[in-house]
Amino acid sequence: MMRVPGLPAEDRCLVMGVVNVTPDSFSDGGQWFDEGTAIRRGLELVAEGADLVDVGGESTRPGAARVSLEEELARVVPVIRALAGEGVAVSVDTMRAEVARAAVEAGARLVNDVSGGMADPDMPQVVAATGVPYVVMHWRGHSHDMDRRALYEDVVTEVSEELAKRVDYVLAEGVRPEQVVLDPGLGFAKNAEHNWAVLAGIGRLAELGYPLLIGASRKRFLGRLLADAEGRPRPFSGSDDATLAVTALAAHAGAWCVRVHEVGPNADAVRVAAAWKRAGA
Ligand code: PMM
């Protein structure tokens with residue numbers, strides 16, 4: 001497995017547990033909004049086997065409006081400080097350079113930027129200065145209108161080319177190659193068909209030469225796959241077993257990390273995938 005400096009080094013895909021400190025995230029909206037609850041949830045995820053805990057204060061659910069900088073800082077910084085103080089490897093899910101800087105000061109060990117440095121032009125330089133790993137996700141615009149940007153001739157080729165351009169850009173801004181982690185951004189300007197193609201194309205995306213993070217957990221395309229006889233999508237909470245299947249397959253295909261809401265079963269799945277791979281090596 002690829003090693004990323006400053007983060008747990010295991011011979012298997014890592015598991016990143018999600019703590020959304022937001023009132024409106026699409027999959028666990030509002031559940032962990034209170035600061036104390038968010039901290040307890042983070043610790044619970046670690047006890048269940050999370051290698052990293054991803055703390056976010058801005059919802060990226062399709063159609064979501066943005067929160068103010070002040071509000072985002074107030075939501076995430078105390079939670080990050082508390083979890084980092086307990087020795088947890090925390091990542092901050094933010095598109096804002098100011099939030100990334102404050103989060104790293106509070107103890108965050110990774111910056112997870114769903115915009116891949118596109119939303120805030122200061123982000124790559126701030127990340128370069130902190131030296132922490134940086135998740136550059138494939139993104140074509142803010143959530144309020146991302147669905148209309150879901151247009152591709154060949155989604156794997158285009159995501160790969162666009163990610164390569166983002167990498168060139170962030171490296172030119174001073175980020176070092178060993179800081180970079182790539183993420184194809186399932187559900188971000190991608191419909192269900194695009195998401196499946198991207199998952200099937202993990203091997204090609206890995207050819208870019210950077211560790212890959214995959215965030216499929218509870219996303220709409222899983223609910224659609226599992227629709228009932230009337231075509232009604234399965235609710236988010238009913239797609240955790242499907243998430244688990246994606247985790248096992250993604251880990252086997254070489255993903256460096258999976259970002260999930262229910263950590264325990266996914267922590268088991270990455271161990272199954274690692275044993276399977278080892279036996280076949
Ligand atoms: N998805 C969401 C939020 N942050 N970060 C990365 N790197 N990759 C993702 O796929 C991703 C992300 C949206 O999901 P949520 O609202 O359930 O957190």
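Whatever order the structure lists ligands and atoms in, that order sets their numbers, starting from 1.
- Scanning for side-chain contact (heavy atoms from CB on, under 4.5 Å) contacts around P121 gives an empty result, with sequence neighbours left out.
- Using a 4.0 Å cut-off to heavy atoms of N112, the atoms of ligand 1 that qualify are 5 (N), 6 (C), 7 (N).
- Looking at I214 against ligand 1, nothing comes within 4.0 Å, counting heavy atoms.
- Of all atoms in ligand 1, numbered sequentially from 1 with element shown, those under 4.0 Å from a heavy atom of D93 are 3 (C), 4 (N), 12 (C).
- Residue R259 places a heavy atom under 4.0 Å from ligand 1.
- Counting atoms of ligand 1 from 1 in the listed order, those under 4.0 Å from a heavy atom of F188 are 1 (N), 2 (C), 11 (C).
- Those atoms of ligand 1 that come under 4.0 Å of a heavy atom in V114, given as number and element, are 4 (N), 5 (N), 12 (C).
- For ligand 1, the atoms closer than 4.0 angstrom to any heavy atom of T60 are 2 (C), 3 (C), 13 (C).
- Panel note: side chain R271, backbone A267; a donor-acceptor pair is recorded below 3.5 Å.
- Only the side chain of H261 comes within 4.0 Å of ligand 1, counting heavy atoms alone; its backbone N, CA, C and O stay farther away.
- Distances below 4.0 Å separate heavy atoms of V135 from the following atoms of ligand 1: 7 (N).
- Close approach of ligand 1 to M137 (heavy-atom distance below 4.0 Å) involves ligand atoms 6 (C), 8 (N), 9 (C).
- E44 has a carboxylate O that lies under 4.0 Å from a charged side-chain N of R41, or vice versa, which qualifies the two as a salt bridge.
- With a heavy-atom cut-off of 4.0 Å, N20 touches ligand 1 through its side chain alone.
- Using modelled atom types, one finds no donor on one side chain facing an acceptor on the other under 3.5 Å when comparing S239 with R220.
- Side-chain polar atoms of T94 and E72 form a donor-acceptor pair below 3.5 angstrom.
- Taking a cut-off of under 4.0 Å to the non-hydrogen atoms of L213, the atoms of ligand 1 that pass are 7 (N).
- Judged by distance alone, the side chain of S115 and the main-chain N or O of M118 form a donor-acceptor pair under 3.5 Å.
- Listed for the N195 side chain is no donor-acceptor partner under 3.5 Å among the backbone atoms of L186.
- Listed by chain and residue number, D54, S91, D93, L110, V135, R259 satisfy the side-chain contact (heavy atoms from CB on, under 4.5 Å) test with N112 (two or more places apart in sequence, or in another chain).
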